[in-house]
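Letters go in sequence order (proteins before strands), and every chain restarts at 1. Computed from a predicted structure; not experimentally measured.
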Protein chains: 4
Amino acid sequence: MNGQRGPGRPRSEAARRAIIDAAIAELHERGYAALTMQGIAARAGVGKQTVYRWWPSKADVVLEAVAEWAEEQVAVPDEGSLEADLDAFLAATFRQRGQRPLLLGLMAEALLDPAFAVQLRDRFLLARRAAFRSIFERAAARGEVAPDADPELLMDLVYGTLWYRLMLDHAPVDDELGRRLSRLVAREAKATPSA
Amino acid sequence: MNGQRGPGRPRSEAARRAIIDAAIAELHERGYAALTMQGIAARAGVGKQTVYRWWPSKADVVLEAVAEWAEEQVAVPDEGSLEADLDAFLAATFRQRGQRPLLLGLMAEALLDPAFAVQLRDRFLLARRAAFRSIFERAAARGEVAPDADPELLMDLVYGTLWYRLMLDHAPVDDELGRRLSRLVAREAKATPSA
Amino acid sequence: MNGQRGPGRPRSEAARRAIIDAAIAELHERGYAALTMQGIAARAGVGKQTVYRWWPSKADVVLEAVAEWAEEQVAVPDEGSLEADLDAFLAATFRQRGQRPLLLGLMAEALLDPAFAVQLRDRFLLARRAAFRSIFERAAARGEVAPDADPELLMDLVYGTLWYRLMLDHAPVDDELGRRLSRLVAREAKATPSA
Amino acid sequence: MNGQRGPGRPRSEAARRAIIDAAIAELHERGYAALTMQGIAARAGVGKQTVYRWWPSKADVVLEAVAEWAEEQVAVPDEGSLEADLDAFLAATFRQRGQRPLLLGLMAEALLDPAFAVQLRDRFLLARRAAFRSIFERAAARGEVAPDADPELLMDLVYGTLWYRLMLDHAPVDDELGRRLSRLVAREAKATPSA
DNA sequence: GGGTAACCGAGACGGTACGTCCAGTCTTCGC
DNA sequence: GCGAAGACTGGACGTACCGTCTCGGTTACCC
């Protein structure tokens, strides 16, 4: 086992929480761009070293906060059809308000730092896709998915459109969008591409 | 017209070019994240003030460089069908190699700075959509687009998927993707959504 | 002669006055340390080049303003004795209020720039000593000055004390000081130093 | 006492010394007017912030250097009479060569910045006057000072003349000047001012 | 009266230093 | 050894002026 501790003072859970909370608070008050390790440490009442000891950058602190939420997984009850399942799933996803600035900040960091991009993809974005994929598997069992359909591309279509609108802010991300995407994806899943 | 000059020494075109070129060079050599106004000015052999006088941030310098290329517009010859047109257009778009880091850097900046996001959207991204839209109009004239189709959503699907893959780098952005998207969009444009 | 003009537009007296006046105004409003060539030109509504064409530095502009006042020479009426003459002269000198910051600024410049120190000494300070010296000559004619007295040293004593108190501001520069210095100098002028 | 340290890394004495030394070196090589915080930090191999953390301006750095020397107090042995004591003291004072540019630089700064003027006066100039004052007290004990003499004015005379000549550089500051001033001050200290 | 020359305003130019901020690291004390 | 504190080197930030330059335009003179 690995639970045994070595010598020395154990990591302070209080400090961990204070840091995460300080990061979230700063983020809501002043935005992601204004986040600094310095500011997080000061607000948490913690030495800078304590932050650096556990997270290499501000993005990693925020990612840990986000990952906490991501674990409270979106339930995907069976609605009877692929389109209905998707519609419910997307509606639940879009309902997460107030996270837009946070998500955009993380994505910005990922675009500037390839190492963090890997973190973000593996610890957050792919987790989301997993939920999506389970819906497809259920639909396949129901015979709603053509054998040569490509669920990966369909997921890219949905998440791509979602992120694109989040980023550009030229069109809404709302239930109407959810319904259209659901219908489109359901139709394409069944389509016989070449006939 | 507006070409007339006021009093005072006119702006130096040589300095403008040197700055743009220096920015591009730094970007290729050391990446977007390592770009600094200081570095651009030094490399261009120019005072920092001269950079700040005309561009408020490094992102705006890069955007001007990108905008130059964007003006060399992508020609969209008529290939006879919506699918063929789209395929040609996307192939041409994907062919622009080496610009990935640059585009991701600009997008990162836009995600962190809403004011710049507007710039990027209006001066670059919407210009790209215009080309796309003209293809749709041609297809509509050919009767390939159902009356209740939504070209805006279809464009979001394509560009969304493109950006999503560029950013996450979990799947390729290649001709194969172009063909699939072309076929999908052509099919959806014709689809009778609800019947 | 040298008064004849060559070809070309003659110097604008209006610009000259505007610059001097702007310098004085800035000086009174924001202090010598905050003076800048840029600020003077802007306030005078004049191009920077016009200032630089005629004065090499802000100190020279201010010096020209000061020299104007210095030419309105202190009259030294005959009061009947060396002590009385000195007392009247010093009282008149000390009366020039509001010029302390200006004088200190010029002196500061002189201390930092040897070339300007020469200007200040020759165009301003030595002019002041000339008035002082004429008082001594009058006293010598009256037999109030011992043959081996050194008027130069006595002038240094008076002006030195004056400047020292102006600079350090640890003791007042007032009529009381004037009277003490007058008495002391008159006594020393007569003294037989070594006997 | 106050020597106890709180938490945190203690101030680096090595950095302090390097900064002071760099300032002195720059001063000798390029003069006070060319001193910059930037240059001091670079030469000391130290971050600019470390300089700013402890001194608000270049003048304060130099003042600390000067204050070090000032603490190595001028001894004032008893020479038997006021005139002899003064002569010895002034000779010792004038002997401090090479400090003229430094002193003038500090004075210039004081003239431009009233806050620094207070620093310079209290931490340096008044310390010098203290030595002078002790000579007077010794003379008073010997009966060489008239009861109504004003030592403060006499000190102003001496230091005023000294600074005046240092600044204007129109006459030497040498032993001859020292002897004349000593004789004059000794005579004036005894003088019955009004009889 | 048509040059020619020196002035004028405006303002951009290459630079240098400013003083601040933050990144990461290091060094101390106390738990 | 962890944690708070805080000083350390390093470097970019955006600003302010410096002193120079390059414009279009304006007076003067002098042929």
Side-chain angles (χ1 to χ4, degrees), chain A residues 5-12 14-16 18-19 34-39 41-42 44-54 56-58, chain B residues 4-12 14-16 18 34-42 44-54 56-58, chain C residues 4-12 14-15 34-42 44-54 56-58, chain D residues 4-12 14-16 34-42 44-54 56-58:
Chain A
R5 275 198 289 99
R9 183 174 176 176
R11 176 171 184 185
S12 156
R16 200 192 73 90
I19 290 166
L35 260 194
T36 66
M37 290 295 253
Q38 197 135 298
V46 140
K48 282 186 3 175
Q49 195 61 252
T50 302
V51 186
Y52 278 108
R53 185 145 32 225
W54 304 107
S57 78
K58 63 175 180 168
Chain B
Q4 75 262 26
R5 267 201 291 98
R9 181 176 180 172
R11 177 172 182 183
S12 159
R16 200 193 71 89
L35 258 195
T36 68
M37 290 294 254
Q38 197 131 300
I40 293 170
V46 137
K48 282 204 304 184
Q49 195 63 247
T50 300
V51 185
Y52 280 108
R53 189 158 22 238
W54 303 107
S57 76
K58 62 175 182 169
Chain C
Q4 78 260 24
R5 273 198 287 97
R9 180 176 181 173
R11 175 172 184 183
S12 158
L35 260 195
T36 66
M37 290 295 253
Q38 197 133 301
I40 292 170
V46 139
K48 281 186 0 176
Q49 194 62 252
T50 302
V51 186
Y52 279 107
R53 185 150 31 227
W54 304 107
S57 77
K58 63 174 181 169
Chain D
Q4 75 261 28
R5 267 197 293 96
R9 183 177 179 172
R11 176 171 183 184
S12 158
R16 201 193 70 89
L35 259 194
T36 67
M37 290 294 254
Q38 199 131 296
I40 292 171
V46 139
K48 284 204 306 185
Q49 194 64 249
T50 300
V51 185
Y52 279 107
R53 184 151 31 230
W54 303 107
S57 76
K58 63 176 181 169

Quiz question: going by heavy-atom distance under 3.5 Å, is there a donor-acceptor pair between the base of E:dG24 and the side chain of A:K48?
yes

Please determine, for the side chain of C:M37, which listed nucleotide (E:dA23, E:dC8, F:dG19) has the closest atom?
F:dG19

Which pair of heavy atoms, one from B:A44 and one from B:A18, lies closest together, and at what distance?
CB-O, 3.5 Å

Rounded to the nearest Å, what distance is computed from the CH2 atom of residue A:W54 to the P atom of nucleotide F:dG1?
13 Å

Closest-nucleotide mapping onto DNA chain E: is B:V46 or A:P56 further toward the 5' terminus? I mean the 5' end.
B:V46

How far apart are the closest heavy atoms of A:K58 and A:L35, and which atoms are they?
NZ-O, 3.4 Å

To the nearest Å, give me how far apart CD (D:Q38) and P (E:dT20) are.
13 Å

Note: for A:S57 and D:Y52 on DNA chain E, the residue whose nearest nucleotide lies more 5' is D:Y52

note: D:I40, atom CD1; E:dC18, atom C1'; distance rounded to Å ~ 13 Å

So what does B:S12 hit on the nucleic acid, given a heavy-atom distance under 4.0 Å: a base, only sugar-phosphate, or nothing?
sugar-phosphate

What's C:G39 touching, base or sugar-phosphate or nothing? Going by heavy atoms closer than 4.0 Å.
nothing

Protein within reach of the bases, or only the backbone? For nucleotides 25-31 of chain F, mark each nucleotide 5' to 3' as B, S or -, using heavy atoms under 4.0 Å.
BBBBSS-

Distance check: side-chain N/O of D:T50 vs OP1/OP2 of F:dT9, anything under 4.0 Å?
yes

Without decimals, in angstroms, what is the distance between A:R53 CZ and F:dG3 P?
6 Å

Distance under 6.0 Å and angle within 45° of ring axis: D:R11 vs D:W54:
yes

Spacing between A:Q49 atom CD and E:dC29 atom C1', to the nearest angstrom
15 Å

Just verifying a value: how many Å separate B:K48 NZ and B:M37 CE, rounded to the nearest 0.5 Å?
9.0 Å

